[in-house]
2 protein chains.
Amino acid sequence: MFKPTEAELEILKVLWQHGPSTVRFVNDILNSKKDVGYTTTLKFLQIMNEKGLTIRDTDHKTHVYKAVINEADTKNRMIDDFVNNVFHGSAMNMVMQTLGNQKISHEDINDLKSIIAIIENKNINKD
Amino acid sequence: MFKPTEAELEILKVLWQHGPSTVRFVNDILNSKKDVGYTTTLKFLQIMNEKGLTIRDTDHKTHVYKAVINEADTKNRMIDDFVNNVFHGSAMNMVMQTLGNQKISHEDINDLKSIIAIIENKNINKD
DNA sequence: AAATATATACGAAACAATTCGTAGTGTAAA
DNA sequence: TTTACACTACGAATTGTTTCGTATATATTT
């Protein structure tokens, strides 16, 4: 499956967050973080289109690009890759190390508890 | 702070797991996963040494390389980077998405519960 | 001591990702 | 209708990473 490069991911994030967008719009958003030339952004969107990462509407002079690949799936795939590369494939190791190292709020803890409860119930039902 | 490339990380993992090692040893381990030429591994260790990622003992003909950077710190830094790149800086988002997508065993759940308990206690003591 | 094996050093090729300049085209304003 | 502007297309320079060949030194074996 597909793994976006870092620059491609930045663009995908814009498309995921804001929906189908013009090159100009994507470029403006990118520039709020870091200087990027317009034609650089354009080039990336063209490359991403070739790769099938996006599709575009070329009916009008100004093309509108839309992410083809799904945000959750892509992120899951990236998590898998990361876990494989850095944590010898153990997602739990990664989670534990993250929890041990982050500031976790009360709310976060509640969220964690409820997702754990959900997982537990799934397991019970499975047996 | 420093971020190893993928190839460098592979080597660091060997050094972390097995302790100070010769080029030959590192190369043998790497080759159990994927063909890598001996001089490729050598070159990387030389580069890593220049960058201060490793130090080496050159007393004998065969040099012995040792990781300078710490495993936990490096991994935490890589988690931070990953979370910033992919999850807009929210580690909790990343953890939640991981938990929602992985097979979690009974034991894992217990581990999670205990680390959550630890975090809760830390918070209580802080207030 | 010569031949063989095993090291290191290092330049440079190969490959991948990023960045941008320039050319060309269509649209709208003067 | 000429000029100005904003857009796309695309080649190519730049930068970073990976890979390896070749030269050379140092041991070890015959």
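Quick note on labels: first sequence line is chain A, next is B, and so on, each numbered from 1. Small disclaimer: the values here were computed from a predicted structure and weren't measured.
- Across all strands shown, K3(A) has no heavy atoms under 4.0 Å from either base or sugar-phosphate atoms.
- Following rounding to the nearest Å, F2(B) (CZ) and dG16(D) (C1') show an atom-to-atom distance of 12 Å.
- The side-chain hydrogen bond (donor to acceptor under 3.5 Å, both in side chains) search around K13(B) returns E10(B), not counting sequence neighbours.
- Looking at residues two or more places apart in sequence or on another chain, you find no side-chain hydrogen bond (donor to acceptor under 3.5 Å, both in side chains) involving Q17(B).
- Rounded to whole Å, the distance from NE2 on H60(B) to P on dT28(D) is 12 Å.
- Taking atom CG of residue D59(B) and atom C1' of nucleotide dA7(C), one finds them 15 Å apart after rounding to whole Å.
- Against DNA chain D, the stretch residues 37-48 of chain A makes heavy-atom approaches under 4.0 Å through Y38(A), T39(A), L42(A), K43(A), Q46(A).
- Straight-line distance from the CG atom of N27(B) to the P atom of dC20(D): 10 Å, rounded to whole Å.
- Residues A67(A) and L15(A) come closest through the heavy atom pair N-CD1, 3.8 Å.
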Grab the N/O contacts between the protein and nucleotides 24-27 of chain C below 3.5 Å, and write none if there aren't any.
| from | atom 1 | to | atom 2 | distance (Å) |
| --- | --- | --- | --- | --- |
| dG26(C) | N2 | K61(A) | NZ | 3.4 |

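- For L9(B) and dT17(D), the CG to P distance is 14 Å, given to the nearest whole Å.
- Residue order along DNA chain C, read from the 5' end via each residue's closest nucleotide, puts T58(B) first among E6(A) and T58(B).
- If you measure from atom CZ of R24(B) to atom P of dA27(D), you get 17 Å, rounded to the nearest angstrom.
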I would like to know whether D80(B) and K75(B) meet side chain to side chain contact (heavy atoms under 4.5 Å, CB included); could you show each step before the answer?
CA-CA 9 Å; D80(B) 275 359; K75(B) 288 186 175 178; over 6 Å; no
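- Residue K51(A) qualifies as enclosed at atom NZ: its count of foreign heavy atoms under 6.0 Å is above 12.
- Among all heavy-atom pairs drawn from A91(B) and T98(A), the shortest one is CB-CG2, 4.0 Å.
- At the heavy-atom level, K51(A) lies nowhere under 4.0 Å from the strands shown.
- One can place CG of D35(B) at 13 Å from C1' of dC20(D), the figure rounded to the nearest angstrom.
- Residue pairs meeting the ring pair (Phe, Tyr, Trp, His ring centres under 6.0 Å) criterion with at least one member in residues 1-56 of chain A, sequence neighbours excluded, are H18(A)-F25(A).
- When rounded to the nearest whole Å, the span between NZ of K34(B) and P of dC20(D) equals 8 Å.
- For N110(B), the CG atom counts as densely surrounded, since its 6.0 Å shell holds more than 12 non-hydrogen atoms of other residues, nucleotides or ligands.
- In this structure, F87(A) has no ring pair (Phe, Tyr, Trp, His ring centres under 6.0 Å) partners at least two apart in sequence or on a different chain.
- Within the 4.0 Å cut-off from OP1 or OP2 of dC7(D), not a single side-chain nitrogen or oxygen of R56(A) is found.
- Contact check, T5(A) against dT18(C): a side-chain N or O comes under 4.0 Å of OP1 or OP2.
- Of the candidates dA7(C), dT18(D), dT8(D), the closest approach to any side-chain atom of V23(A) belongs to dT8(D).
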